[in-house]
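Here's the structure we're looking at; comments come further down.
Side chains included, hydrogens not; waters and symmetry mates left out as well; all remaining heavy atoms used. One-based numbering, in listed order, for ligands and for the atoms of each.
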Amino acid sequence: MFTIKTLRLSGLLFLVLTVAVSCNSSDDETGLFIEPEFYKLGEFTADGITVAAYSEVPLAMGYHHIFFEVHEDEVLVERPEIIFTPIMHMEHHSHASPHQAPPDKRDPDIGLFRGWAIFTMPSGMMGNWEMAVTVHDPETPGRDIDGVIEVEIAESAMVRSFLADSGERYVLTLVQPDDPQTGLNDLVVALHHRETMMHFPPVTGATFAFEPWMPSMDHGSNNNVEPVHESEGFYHGKVNFNMTGDWELRFDIHQGDEHLGNVDFAIDF
Ligand SMILES: [Cu+2]
């Protein structure tokens, strides 16, 4: 079974890659400032405009901030409209996943445009992921820049796709904790409905019964807080790990009178 230890491993890999990224950026003649600890996913240039994408760690199944930079002739493009769609090409079909485009202002702390994506499957035998990106520069009406950045998605246990009793498919993502500690942890889950292969609107009216359970010792914990909706399909609560070890986060999900499903995440730390 894949556990959060996979994420720790990504952390180690990240350290190694940071060095590689730093070396690359010294070759970069643009002189643009990029947070050196970011992981470069890729870039493309079309019609003189260069679009680069970054993440905080190498991508795995689950929720990730995706950062974009846009420049033309070494000059940053102000207030571009950036639209992107994560797409997985599988043998017989393609599908997207939940995501949100960045606003047209740079994140003030980072100086990049920040959106997010949830990757629902790993790259590999099943298929390959890319981000289809369109950039519209409002200073040049009618000029849209299109490109594709291929991304590699590692396996993780942070996403569950499940069928409701109605036959509809949903995606539940464990956003937090991504680095569990003994004691009280922030708990964040995101719930999306697969309306079509390309459209995953957030589910904003769900209720969660939530219980952490340690199967090997057959006990739970107290002081947990069931996640409640905060915004855009993201639900916030608390999870209490009263010891380290193998935990299951057990969710029983309803929407009104409808039972959507029972979803468990395994965490081992
Ligand atoms: Cu897929």
Could you name each residue pair satisfying salt bridge (charged side-chain N to carboxylate O under 4.0 Å, His left out) that touches residues 249-267, not counting sequence neighbours?
->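 The answer is Glu248-Arg250.
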Got a sec, which pairs hit salt bridge (charged side-chain N to carboxylate O under 4.0 Å, His left out) with one end in residues 224-235, sequence neighbours left out?
->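 Not a single pair qualifies under salt bridge (charged side-chain N to carboxylate O under 4.0 Å, His left out).
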For residues Phe234 and Tyr63, establish whether the separation of their ring centroids is below 6.0 Å.
->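 For Phe234 and Tyr63, the ring centres are under 6.0 Å apart.
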Taking the Cu ion (ligand 1) as the centre, count the protein N/O/S atoms lying under 2.8 Å from it.
->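 If we list every protein N, O or S atom nearer than 2.8 Å to the Cu ion (ligand 1), we get 4.
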With no hydrogens and no angle check, do the side chains of Asp146 and Thr134 hold a donor and an acceptor under 3.5 Å apart?
->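 Their side chains do contain a donor-acceptor pair, which is all the 3.5 Å distance test asks for.
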Pairs of donor and acceptor atoms involving the side chains of residues 78-85, under 3.5 Å and at least two apart or interchain, shall be tabulated with distances.
unit_1: Glu78; atom_1: OE1; unit_2: Arg106; atom_2: NH1; d: 3.0
unit_1: Glu78; atom_1: OE2; unit_2: Arg106; atom_2: NH1; d: 3.3
unit_1: Arg79; atom_1: NH2; unit_2: Asp104; atom_2: OD1; d: 3.4

Does Met90 CE have over 12 foreign heavy atoms under 6.0 Å away?
->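 Counting neighbours around CE of Met90, more than 12 heavy atoms of other residues, nucleotides or ligands fall under 6.0 Å, so yes.
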